[in-house]
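Counting starts at 1 for both ligands and their atoms, in listed order.
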Amino acid sequence: MKQINLIIFGIGNVGSTLIKQILEQKDNITDLQKLDIRIPLIANSTHVFFSDALTGSWSLDFEKFSEPYKFQDIIDFLQSNDFQHTIAIDATASTNFVKHYAQLIEAGCHIVSANKVANTLDIEFYKKLRKKLKEHNRLFLYETNVGAGLPIVETVQNLHRSGEKIKKIRGVFSGSLSYIFNKFSESEAPFSDIVGQATEKGYTEPDARDDLSGKDVARKLLILARELGLTLNLQDVDVESLVPSNLNGKTTLNEFKARISELDEPFKQKKQSQTNDVLRYVGELDVKTKQLKVELVSTSKASPLGQLQGADNIFEVYSETYTERPLILQGAGAGKETTARGLFTDILKISKQIAHA
Ligand SMILES: NC(=O)C1=CN([C@@H]2O[C@H](COP(=O)(O)OP(=O)(O)OC[C@H]3O[C@@H](n4cnc5c(N)ncnc54)[C@H](OP(=O)(O)O)[C@@H]3O)[C@@H](O)[C@H]2O)C=CC1
Ligand SMILES: N[C@@H](CC=O)C(=O)O
């Protein structure tokens, strides 16, 4: 039975849920999928916990036995153990962490990531990462970068690889903004209260301004655009930010949280100006014009976007085959359970390839 070692970076909403799901499925994976999946290392930004056999009390064990680390300690650990198969899981939102991907690949790791940063740094980083992966015959899966557990990345990859000419992708790419606007349109609660609800539910980024400013949607658009061969960068995305400039980048996160109620009145007026329509935060990628845009639009309540509930994303893919009626993927686009399941799926995809190698 092939032994697959997972080293997990990030034990917040998504990472901790992934650990829970793996421990729950351990017998199924061993008995049915003939895989011996182990988690010898889990880490947050400051501490690491090494374990021969993670148990259900891993969170308490982490609190009691974890130790401060430098990233070189991780490489030393990998080199001293010389695992046959290792997958590094990035369940962080860290820009610094992705700069360690090359070292992890050189140390023999495949990579599975929920973190969108690696796929949205400058195009030179994007190309160098893929060159490094090819040189070391390692895989990098990132389905949860767009649409959480929805298989939009794989769908776009498969259509593109099979020669289908994708023309446009449009929809609601943000789970938190989907939740915020469909709740805001049907309740009298202040906008800032609903943003707080989205954060409490674990939908927003660690810094909710990444969602509200459109940066998260811009990243998702860029990831899909690059899958279609468009060598664009984040600054090429035309973004309508929902955060006033004086609150985005010019304040600390705590200052933003203390002042977020300043958004209430402007959004109340926007809502009052909607007659029969509702507000939706939309992303659109036009392949022919290479235009990527993120904007707040008014749409009929009866429209597919107007009907969205919960933290649902909807992706409308228009192509040569799907012309008048697009290919549509819709479902939860945020949430720790669905995202962790998406990471787990990517892990099993790599494990299956390893097992049959
Ligand atoms: N929440 C969701 O619905 C979805 C999230 N994602 C993505 O998943 C990622 C994680 O999101 P989420 O779990 O909600 O975020 P959380 O803030 O809950 O957790 C982030 C975790 O990453 C750790 N971390 C931060 N920097 C580093 C570092 N340099 N090295 C190791 N660990 C680090 C944090 O540790 P510490 O506490 O020490 O800072 C924390 O444990 C994000 O990239 C997000 O975009 C993708 C799809 C959906
Ligand atoms: N913060 C993101 C999480 C998933 O990518 C969102 O709201 O969609």
Does the distance from a Lys or Arg side-chain N to an Asp or Glu carboxylate O, for [X] and [Y], drop under 4.0 Å?
X: Arg219; Y: Glu205; result: no
X: Lys20; Y: Glu24; result: yes
X: Lys293; Y: Glu240; result: no

Will you find, in the side chains of Thr321 and Ser319, an N or O donor that is under 3.5 Å from an N or O acceptor? no

Would you say the side chains of Ser192 and Asp264 form a donor-acceptor pair under 3.5 Å? yes

In ligand 1, which numbered atoms sit nearer than 4.0 Å to a non-hydrogen atom of [X]?
X: Thr339; value: 2 (C), 3 (O), 4 (C), 46 (C), 47 (C), 48 (C)
X: Gly10; value: 21 (C), 22 (O), 23 (C), 32 (N), 41 (O)
X: Lys116; value: 44 (C), 45 (O), 46 (C)
X: Tyr69; value: 30 (N), 31 (C)

To the closest 0.5 Å, what do you measure between CD1 (Ile105) and CG (Leu133)? 4.0 Å

How close does the nearest protein non-hydrogen atom get to [atom], and which residue and atom is it?
atom: atom 5 (C) of ligand 1; result: Val14 CG2, 3.8 Å
atom: atom 7 (O) of ligand 2; result: Ser176 OG, 2.6 Å
atom: atom 29 (N) of ligand 1; result: Ser94 OG, 3.5 Å
atom: atom 19 (O) of ligand 1; result: Gly12 CA, 3.4 Å
atom: atom 8 (O) of ligand 1; result: Ala114 CB, 3.5 Å

Does only the side chain of Asp216 get under 4.0 Å from ligand 2, or the backbone, or both, or neither? Count heavy atoms. side chain

Would you say Asn145 and ligand 2 have an N/O pair spaced under 3.5 Å apart? no

Under 3.5 Å between any N/O of Ala334 and any N/O of ligand 2: does that happen in this structure? no

Classify the angle between the aromatic ring planes of Phe191 and Phe181 as parallel (below 30°), tilted (30 to 60°) or perpendicular (above 60°). tilted

Quick one: does Phe71 get within less than 4.0 Å of ligand 1, heavy atoms only? no

Can a non-hydrogen atom of Gly335 be found less than 4.0 Å from any atom of ligand 1? yes

Short question: side chain of Arg280, backbone of Thr299 - any donor-acceptor pair under 3.5 Å? no

Considering the heavy atoms of [X], write down every atom of ligand 2 situated less than 4.0 Å from one of them.
X: Thr204; value: 1 (N)
X: Lys116; value: 4 (C), 5 (O)
X: Gly333; value: 4 (C), 8 (O)
X: Lys220; value: 2 (C), 4 (C), 5 (O), 6 (C), 8 (O)
X: Asp211; value: 1 (N), 2 (C), 6 (C), 7 (O)
X: Gly175; value: 6 (C), 7 (O), 8 (O)
X: Ser174; value: 6 (C), 7 (O), 8 (O)
X: Tyr203; value: 1 (N), 2 (C), 3 (C), 6 (C), 7 (O)

Glu106 and Lys132, any side-chain heavy atoms less than 4.5 Å apart: yes

Can the ring centres of Phe49 and Tyr69 be said to be less than 6.0 Å apart? no

Over 12 non-hydrogen atoms of neighbours within 6.0 angstrom of [atom1] in [X]:
X: Gln272; atom1: CD; answer: yes
X: Phe50; atom1: CZ; answer: yes
X: Lys270; atom1: NZ; answer: no
X: Asp31; atom1: CG; answer: yes
X: Asn137; atom1: CG; answer: no
X: Lys128; atom1: NZ; answer: no

Thr46 N/O to ligand 1 N/O under 3.5 Å: no

May I ask you to check whether Glu205 has an N/O atom sitting below 3.5 Å from an N/O atom of ligand 1? yes

Which option, [options], owns the non-hydrogen atom nearest [atom]?
atom: atom 9 (C) of ligand 1; options: Thr92, Val146, Asp216, Thr144; answer: Thr92
atom: atom 27 (C) of ligand 1; options: Ser45, Ala334, Gly202, Ala91; answer: Ser45
atom: atom 3 (C) of ligand 2; options: Arg219, Lys215, Glu205; answer: Glu205
atom: atom 16 (P) of ligand 1; options: Asn13, Ile8, Asn96; answer: Asn13
atom: atom 37 (O) of ligand 1; options: Val98, Asn44, Leu18, Ile11; answer: Asn44
atom: atom 17 (O) of ligand 1; options: Ala311, Pro206, Gly149; answer: Pro206

Within 45 degrees of the ring normal and closer than 6.0 Å to the centroid, is that where the cationic atom of Arg130 sits relative to Tyr126? yes

